[in-house]
A.B. asks: 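Here it is, the structure in full.
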Amino acid sequence: MNGKDVQSLTAIVVCIIAAACFPFIADGYWMSIGVTAMMYMALATSWALFSGPTHYISLATAAFFGIGGYLVGTGMSDYDLSFWLMMAISAVVATVLAALIGLATLRLSGVYFVIFTLGLAEMIRNLVSWVQNNFLGSRGLYVLTDFTDADIYWMLLTVAAAVYLLGWLINRSRLGFALRIIGNDETVARHVGINTAWSKVLLFMTTGFFAAIVGAIIAPRYSYIEPNLVFKPELSFLVVIMALLGGAHRLWGPIVGVIPFTLLWEAISISFPNYTTLLLGLAFLLIVYFIPRGLIGLIEDLVERSRA
Amino acid sequence: MDIIISGLLLGGTYALMAMGLNLQYGVARIMNLANGEMLVLGALAAFTFYVSVQLSPLLTMFIVAPAAFLLNWLIYRFLLRPLVRRAKNQGQLEVDSILATFGMSFALVGVMVSIQGGYFTYSFLADPFSILGTTVALNRLIAFILAVIIGLALYLWLHHSRPGMAVRAVAVSSDASKLVGINVSRVSALAFALGGAITAVGGTLISTFITLDASIGVIFTMKALIIVIMGGVGDIRGAIIAAAILGLVETAVASLIDPGLTLAAAYLIFLLVLLFRPQGLFGRRAT
Amino acid sequence: MTTGSPLLTVRNVTKRFGGLVAVNDMTFDVKEHEVMGIIGPNGSGKTTMMNLISGALPVTSGAIDMRGHLLSQAPTHEIARLGVARTFQLVRVLPGLSVIENVMAGAVFGHRRRWGNEARFFAEALLERIGLGAHRHQPVSSLTYIDQKRLEIARALAGEPAVLLLDEWLAGLNPTELQIGMDLVASLRGEGRTVILVEHVMDAIRSLCDRCVVMNSGRKIAEGAPEDVLSDAEVIRAYLGDE
């Protein structure tokens, strides 16, 4: 570990402590926005761990998130199991599912992967609803805990911090270097001795793991869980857009995207509830055409220009 | 028998929309994830004209086709060509076009929801008709026959006309096509526009027997993609057989198990294809 | 120079693409410390043969073996780790990485694996040796064509491979660059490295190779010292036609 590493670790810790103090100054309204923002920070950062270097666009977030929320709901409601146990189980289930999806699709071209993840949340929602209606009886699932918004916020912050530190470690490891090479040229990567399929599957499993945990933590906030609520495909797209808005090529990029987008989205959802889909589409187009490297990319370009 | 007949009839319209996507991906190299929205747009036009001025969807088709052709041409020309120009390699184009067409897909859904937020329900030729001892609705049969005619026309055009040949040449190799003097950029725009028009007409036909709504496009995009991959990119014969398989399996699952599981069934097929024939049913293993 | 024991054995290897037989029943050995050329007219299957050895393509039938490891059954990355490194016919550098990182890619994941400062120092030494030391922190896009080709060799050497495959590495160079390139390969030979090269430049074949395998239409039509095979009647016919 050199001086620069110590410096950036210190910066990370300071940011985490500052973020942890937020509940002490925020009122109910801002607390609820804080929870939402923290949820997206954890999701977008873990999304970018995989999709940033490899350029494989994953739309599976909602599927893993839904597994977390749904399993917590069904476990606590139907089987009287503890929240923590169900959170652990859902993380394992999502990780295994991610491994299977990865093994089936990540050997092939990126397009197949995107397409497979595109309908995944919807497909799992159909399956879950079917199983619930035919075999379990279609009553609602209640997640009753005594967690406050602040508790949920701190749990999400812990997850986000864990994702960030993991990403920081990966970037310094052989695996991180391998992913950068894969993102540049997968053929070369294989020929220098990188097990490309395994590297990709491993990272994809990580994003599945964290998305399920986030879904599990958020479940108490809904208190009443049904498949339509937790398997919302829109979530996957929001995560992608926030990560890209910030810039997926840097570890801290997604965080830069989450804060403005969450605030903007909150405002839009209240003022123009009927136009959210349209605006989401326009946001995608805006990013692709005008800020392809995200806000960080803009900043980096400005810095470079002022230097030149 | 019921399942086979209605499965095949459904497969006919599926084949049509998959052909549209196939042209766009196989020739213009754009993975168009707004393809399903183009289909829903065709359906919305049929619904609107039928409800407002009692215009038969069979006539609406003739409005939808040129309108969708123009719209898709404009999309290619002004939104996608800049991405093609900007892309340093095929991988970057793929990522950019996926994100851009996501944007278009959401924007189109947004626009359509504001036009018609509910279901596109109307009743057109829902009369019973008997075929091989099975009773089917007349509208399904007519949609199937029209899909076959359009598909056949496309096939003949691709294989027996000069522009059709240029389209096939670009599909095989855009670099080599440039060398023999084909204007690849124009042919790509043509293929993209034509693909969009075919998909939209498919939507008009589907709307006569399936009730759609503004946000259902993504499901059809999924299905079209599964068919294209199963049939093999650029392979019309493969797409037809793949569409028939998907139509049959969906109908079977819907009538034997649960209509809510059709997407899961489509996924199962998709998974099997990815695991065992990623190069498509008739494709040769890629080099 | 040809006293070494066989390092790599190719036995009855065939590769089909649909109906086309690109490589047909090829059998040859590569001995330790030898530079072996694979030559033949365009489309005779040379590059396909290289792709089969490096695992870019799976064989249809036959076996490729290196020191008791069956390369023809192994995935590409496994083959690289077992000690086969290559360059590409169309130069493939990693555009998003700096010059030194390109070389480190080979050092970190190759046959003999290094990490951290060890990998960095090793890569720096290699760049120095290959003549790119001054460019180490530049982006690869700033390199000239010959320098990109040198970088590719440095990346391949960085894993200390048992055998190095050079696929038309000298193609597209101007006369000055060609001399630099040939000197570089000659120095590799002087170090006692095992090299398989596919080449069209006959001067290079004559001066660099210990032995040659000549291919035509996917088959081996001759094998031996360069001067012998290049005067072989069948080889001349393959290159020049029947007249």
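The basis for the numbers below is simple: all heavy atoms, side chains too, and nothing from hydrogens, waters or symmetry mates. Letters A, B, ... are given to chains in the order of the sequence lines, protein chains preceding strands, and every chain is numbered from 1.
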A.B. asks: With chain A, which of Ile229(B), Ile226(B), Val218(B), Val109(B) has the greatest number of heavy-atom pairs at distances under 4.5 Å?
C.D. replies: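 Of the options given, most contacts go to Ile229(B).
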A.B. asks: Tell me, out of Ile98(B), Leu33(B), Leu108(B), who's got the most heavy-atom pairs with chain A below 4.5 Å.
C.D. replies: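 The candidate making the most pairs under 4.5 Å is Ile98(B).
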A.B. asks: Go through the atoms of Leu275(B) and report whether side chain, backbone, both or neither lie under 4.5 Å from a heavy atom of chain A.
C.D. replies: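 Both backbone and side chain.
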A.B. asks: Less than 4.5 Å to any heavy atom of chain A: does that hold for the side chain of Met104(B), its backbone, both, or neither?
C.D. replies: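 Interface part for Met104(B): both.
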A.B. asks: Using a 4.5 Å cut-off on heavy atoms from C-beta on, say whether the side chain of Tyr112(A) contacts that of Leu225(B).
C.D. replies: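 Heavy-atom side-chain distance check fails, nothing below 4.5 Å.
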A.B. asks: For the residue pair Phe284(A) and Phe106(B), does the interplanar ring angle fall in the parallel (under 30°), tilted (30 to 60°) or perpendicular (over 60°) class?
C.D. replies: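 Because their plane-to-plane angle is under 30°, the rings of Phe284(A) and Phe106(B) count as parallel.
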A.B. asks: Among Ser105(B), Ala266(B), Ala264(B), who wins on heavy-atom pairs under 4.5 Å with chain A?
C.D. replies: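 Among the listed options, the one with the most contacts to chain A is Ala264(B).
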A.B. asks: Under the criterion side-chain contact (heavy atoms from CB on, under 4.5 Å), which of Ile241(A), Val240(A), Ile287(A), Val114(A) is the partner of Leu99(B)?
C.D. replies: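 So the option named by the test is Val240(A).
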A.B. asks: Which heavy atom of Leu271(B) sits nearest to which heavy atom of Ala104(A), and what is that distance?
C.D. replies: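 Smallest interatomic distance, heavy atoms only, reads CD1-CB, 3.8 Å.
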A.B. asks: May I ask you to check whether Tyr267(B) and Phe116(A) place their ring centres under 6.0 Å from each other?
C.D. replies: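 Centroid separation for Phe116(A) and Tyr267(B): below 6.0 Å.
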A.B. asks: For chain B, find its close neighbours in residues 49-65 of chain A: heavy-atom separation under 4.5 Å, sorted by number, or none.
C.D. replies: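 Within residues 49-65 of chain A, the residues that come under 4.5 Å of chain B (heavy atoms only) are His55(A), Ile57(A), Leu59(A).
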A.B. asks: Looking at chain A, which one of Ser114(B), Gly103(B), Gly260(B) has the largest number of heavy-atom pairs inside 4.5 Å, strictly under?
C.D. replies: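 The residue among Ser114(B), Gly103(B), Gly260(B) with the greatest pair count is Gly103(B).
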A.B. asks: I'd like to check Ile115(A) versus Thr221(B) (side-chain heavy atoms, cut-off strictly below 4.5 Å). Are they in contact?
C.D. replies: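 Not in contact.
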A.B. asks: Quick one: does Ile219(B)'s side chain get under 4.5 Å of Met123(A)'s, heavy atoms only?
C.D. replies: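 A side-chain contact under 4.5 Å is absent here.
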A.B. asks: Could you give the distance from CG (Leu120(A)) to CE (Met222(B)), rounded to the nearest 0.5 Å?
C.D. replies: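 Answer for the CG-CE pair, Leu120(A) versus Met222(B), is 8.5 Å.
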A.B. asks: Considering only heavy atoms from C-beta outward, does the side chain of Val288(A) approach that of Phe102(B) to under 4.5 Å?
C.D. replies: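 A side-chain contact under 4.5 Å is absent here.
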A.B. asks: Please round to the nearest 0.5 Å and tell me the distance separating atom CG of Leu263(B) and atom CD of Glu122(A).
C.D. replies: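 Separation between the atoms: 6.5 Å.
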A.B. asks: Evaluate the side-chain contact (heavy atoms from CB on, under 4.5 Å) criterion for residues Met112(B) and Leu278(A): first the C-alpha distance (whole Å), next the side-chain angles of each, then the deciding distance (0.1 Å), finally the verdict.
C.D. replies: CA-CA 9 Å; Met112(B) 289 191 291; Leu278(A) 178 62; over 6 Å; no
A.B. asks: Given 3.5 Å as the limit, does a donor-acceptor pair link the side chain of Tyr289(A) with the main chain of Leu79(B), or not?
C.D. replies: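 Yes, because the side chain of Tyr289(A) sits within donor-acceptor range (under 3.5 Å) of the backbone of Leu79(B).
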A.B. asks: Checking Leu261(B) against chain A: side chain, backbone, both or neither under 4.5 Å from a heavy atom?
C.D. replies: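 For Leu261(B), the side chain is the part near chain A, not the backbone.
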A.B. asks: Quick check for you: among Leu118(A), Leu286(A), Leu127(A), Leu282(A), which has the greatest number of heavy-atom pairs under 4.5 Å with chain B?
C.D. replies: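 So the answer, after comparing Leu118(A), Leu286(A), Leu127(A), Leu282(A), is Leu118(A).
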A.B. asks: Passes side-chain contact (heavy atoms from CB on, under 4.5 Å), Val113(B) versus Tyr275(A)? Steps please.
C.D. replies: CA-CA 9 Å; Val113(B) 167; Tyr275(A) 294 98; over 6 Å; no
A.B. asks: Counting heavy-atom pairs under 4.5 Å with chain B, which one of Ala283(A), Ser129(A), Pro292(A) comes out on top?
C.D. replies: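 Looking at each of Ala283(A), Ser129(A), Pro292(A) in turn, Pro292(A) comes out on top.
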